[in-house]
Amino acid sequence: MRASLTSAGGSRISYADERPGDRDAQGALWARFSQSLDEHGEPTGAPLWGLINPVRLRETMSKLLCQFCREPARTPHGFLFLRSIEEGLPEPSTAVRTAQPPFCLTHARMAAKRCPHLVEHGYAALLAQSAPRYGVIGTPHRYTADRSIQVLASDGVPVPYGAAAMDWLVGAQLVRTLRAFTVVDLADL
């Protein structure tokens with residue numbers, strides 16, 4: 001890792017060998033992550049519920065693909081997201097932020113039965129008409145007086161796009177804001 005200059009003259013964290021694709025269109029730097037791929041470039045192995053693959057998460061959240069099959073997640077009525085109700089049901093009049101990619105209907109039904117966290121705490125199926133990008137959850141860094149880069153503890157709070165803190169963040173999770181959503185029953189879809 002190294003410090004580099006932004007086009008505005010500020011500083012930001014960079015990879016020493018930064019390459020196309022390390023940053024998204026908004027300029028956020030993303031964590032690199034190795035993964036096993038088959039001959040078609042598809043990830044191999046069984047899903048590891050609860051573990052985050054930043055590469056897959058970024059792809060599925062950026063393109064609004066099903067987090068399981070990576071096919072377009074848009075249904076005729078919007079985008080389908082599952083959310084734990086550990087902290088209660090979301091109110092449709094509020095904006096909900098999520099770092100969890102959407103699902104196609106087939107895999108939403110499967111996840112509702114197999115994801116340990118959703119099974120334990122229950123879930124709400126949210127059908128969103130709009131899900132714009134909000135920001136990134138990642139690992140913050142800072143440039144020190146001795147010209148080294150220090151890794152800071154992450155608080156898990158999303159940094160909004162455009163915030164100064166984004167310059168020194170290595171992203172792991174893209175966050176979207178769900179707007180104009182309704183709580184639906186998967187059995188009714």
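We're numbering straight along the sequence, starting at 1. Only this structure's heavy atoms are used, side chains among them; waters, hydrogens and symmetry mates stay out. Bear in mind the structure is a predicted one, so any value in this text is a computation, not a measurement.
- Arg2 and Glu18 are not joined by a salt bridge, as no carboxylate oxygen comes within less than 4.0 angstrom of a charged side-chain nitrogen.
- With hydrophobic clusters built from ILVMFWY side chains whose heavy atoms lie under 4.5 angstrom apart, Phe103 shares a cluster with Leu186.
- Asp167 places none of its side-chain heavy atoms less than 4.5 Å from the side chain of Tyr143.
- A heavy-atom distance below 4.5 Å is found between the side chains of Phe81 and Pro102.
- Residues Ala172 and Trp30 share a closest heavy-atom pair of C-CZ3, 3.5 Å.
- Rounding to the nearest 0.5 angstrom, the gap separating the CG atom in Leu65 from the CZ atom in Arg70 is 7.5 Å.
- Checked against side chain to side chain donor-acceptor pair (under 3.5 Å), Thr139 has no partners two or more places apart in sequence or in another chain.
- Residues Gln26 and Arg133 have side chains in contact (heavy-atom distance under 4.5 Å, counting atoms from C-beta outward).
- In this structure the side chain of Leu189 reaches within 4.5 angstrom of the side chain of Val184, judged on heavy atoms.
- Between Ala125 and Leu80, the closest heavy-atom pair is CB-CD1, 4.1 Å.
- In this structure, Val159 and Ala165 approach most closely via the heavy-atom pair CG1-CB, 4.0 Å.
- Under the 4.0 Å criterion applied to side-chain N and carboxylate O atoms, Arg32 and Asp17 are assigned as salt-bridge partners.
- For the pair Ser154 (side chain) and Gly138 (backbone), a donor-acceptor distance under 3.5 Å is present.
- Under the 4.5 Å side-chain heavy-atom criterion for Ile, Leu, Val, Met, Phe, Trp and Tyr, Leu126 and Leu82 are members of distinct hydrophobic clusters.
- Residues Arg58 and Asp24 are not paired through a salt bridge, judged by the lack of any N-O separation under 4.0 Å between the basic side chain and the carboxylate.
- Judged purely by atom type and a 3.5 angstrom limit, Glu86 has no side-chain atom pairing as donor or acceptor with the backbone of His121.
- Not a single side chain to side chain donor-acceptor pair (under 3.5 Å) links Glu71 to another residue, sequence neighbours left out.
- In this structure, Arg74 CZ and Cys104 SG are separated by 14.5 Å, a value rounded to the nearest 0.5 Å.
- Within the cation-pi definition used here (under 6.0 Å to the ring centroid, within 45° of the axis), Arg83 does not qualify as a partner of Tyr123.
- The two atoms that bring Ala28 and Met166 nearest to each other are CB-SD, 3.7 Å, heavy atoms only.
- Residues Leu105 and Leu118 are members of one and the same hydrophobic cluster, defined by side-chain heavy-atom contacts under 4.5 angstrom among Ile, Leu, Val, Met, Phe, Trp and Tyr.
- For Arg97 (side chain) and Val175 (main-chain N/O), no donor-acceptor pair under 3.5 Å exists by modelled atom type.
- A 4.5 Å side-chain heavy-atom check between Pro101 and Leu57 finds at least one atom pair inside the cut-off.
- For the pairing with Val136, the side-chain contact (heavy atoms from CB on, under 4.5 Å) check across Leu29, Val170, Leu169 returns one residue only, Leu169.
- Under the 4.5 Å side-chain heavy-atom criterion for Ile, Leu, Val, Met, Phe, Trp and Tyr, Val55 and Ile137 are members of distinct hydrophobic clusters.
- In this structure, a donor-acceptor pair under 3.5 Å is present between the side chains of Arg23 and Ser14.
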Problem set entry | side chain to side chain contact (heavy atoms under 4.5 Å, CB included) between Leu152 and Arg142, worked out | CA-CA 7 Å; Leu152 304 173; Arg142 77 172 171 202; 4.2 Å; yes
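- A donor-acceptor contact shorter than 3.5 Å is absent between the side chain of Ser148 and the backbone of Thr144.
- Linking ILVMFWY residues whenever their side-chain heavy atoms come closer than 4.5 Å, directly or via other members, places Val183 and Phe79 in the same cluster.
- Considering every non-hydrogen atom in both Gln100 and Gln173, the closest pair reads NE2-NE2, 4.5 Å.
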Exercise. Stepwise, does the side chain to side chain contact (heavy atoms under 4.5 Å, CB included) test hold for Phe181 with Val96?
Worked result: CA-CA 9 Å; Phe181 67 85; Val96 171; 3.6 Å; yes
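- Annotation for Ala31 and Tyr15: closest pair CA-OH, 3.3 Å, computed over non-hydrogen atoms.
- Distance alone, capped at 3.5 Å, places no donor-acceptor pair between the Ser62 side chain and the Glu59 backbone.
- Remark: the backbone N or O of Ala131 is not paired with any side-chain donor or acceptor of Arg179 at under 3.5 angstrom.
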